[in-house]
Amino acid sequence: RRYEPYAGRWSLPSGFMEYGEAPEETAIREAHEETGYRVAVDRLLGAYRGVDDPRVRVVLLVYVGRILGGRGRPGDDASEVAVFPASRPPADLAFRAHRKALADYRALVARGLQ
């Protein structure tokens, strides 16, 4: 993360919906703006309550997807870009909702339901 809160920590690419935008379109746009990667959304992983950002309370919709192309480059709110295996995310993830989403994804993978 480039900016507070939690500057210098890792987070999933995320952001706010624009007027008239579908949630899946938001995920695709935000991923590209923050990472430089073009992505496809495969399915919704879940909805998570975001309560540890002192600026706002949010409902975070997390999608499972894949990288289609592009080149990793930090943009928008990111200071760095990296791809981590879901089984070994960075220890310093900024938000509880992001940690919960990754834990849910790992549980699905462990059950063969990814």
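Only this structure's heavy atoms are used, side chains among them; waters, hydrogens and symmetry mates stay out.
- The shortest heavy-atom contact between A27 and V41 is CB-CG2, 4.2 Å.
- In this structure, NE2 on H32 lies 5.5 Å from CZ on R73, to the nearest 0.5 angstrom.
- Residues L60 and S14 share a closest heavy-atom pair of CD1-CB, 4.2 Å.
- Shortest non-hydrogen contact noted between A31 and P13 is CA-CB, 4.0 Å.
- Hydrophobic clustering (side-chain heavy atoms under 4.5 Å, transitive across Ile, Leu, Val, Met, Phe, Trp, Tyr) keeps L44 apart from Y48.
- Residues L108 and V62 are members of one and the same hydrophobic cluster, defined by side-chain heavy-atom contacts under 4.5 angstrom among Ile, Leu, Val, Met, Phe, Trp and Tyr.
- Atom CZ of R43 has more than 12 neighbouring heavy atoms from other residues, nucleotides or ligands inside a 6.0 Å radius.
- Residues P5 and D53 approach most closely at CG-OD1, 3.4 Å, considering heavy atoms.
- Between the side chain of R96 and the main chain of V51, no donor-acceptor pair closer than 3.5 Å is present.
- By the criterion of side-chain heavy atoms lying less than 4.5 angstrom apart, applied directly or through intervening Ile, Leu, Val, Met, Phe, Trp or Tyr residues, Y63 is not grouped with L102; the two fall into different hydrophobic clusters.
- Here the closest non-hydrogen pair linking R2 and A7 is O-CB, 3.9 Å.
- Nearest heavy-atom pair across V59 and A47 is CG1-CB, 4.3 Å.
- L93 and V58 are not part of a single hydrophobic cluster, where members link through side-chain heavy atoms under 4.5 Å apart.
- Listed for the R1 side chain is no donor-acceptor partner under 3.5 Å among the backbone atoms of W10.
- L45 is not connected to Y37 by any chain of hydrophobic side-chain contacts under 4.5 Å among Ile, Leu, Val, Met, Phe, Trp and Tyr, and they are in different clusters.
- Here the straight-line distance linking atom CD of E30 with atom CD of E33 works out to 5.0 Å at 0.5 Å rounding.
- Between the side chain of H98 and the backbone N or O of L12, at least one donor-acceptor pair lies under 3.5 Å.
- Taken to the nearest 0.5 Å, the CZ atom of R57 stands 8.0 Å off from the CG atom of D52.
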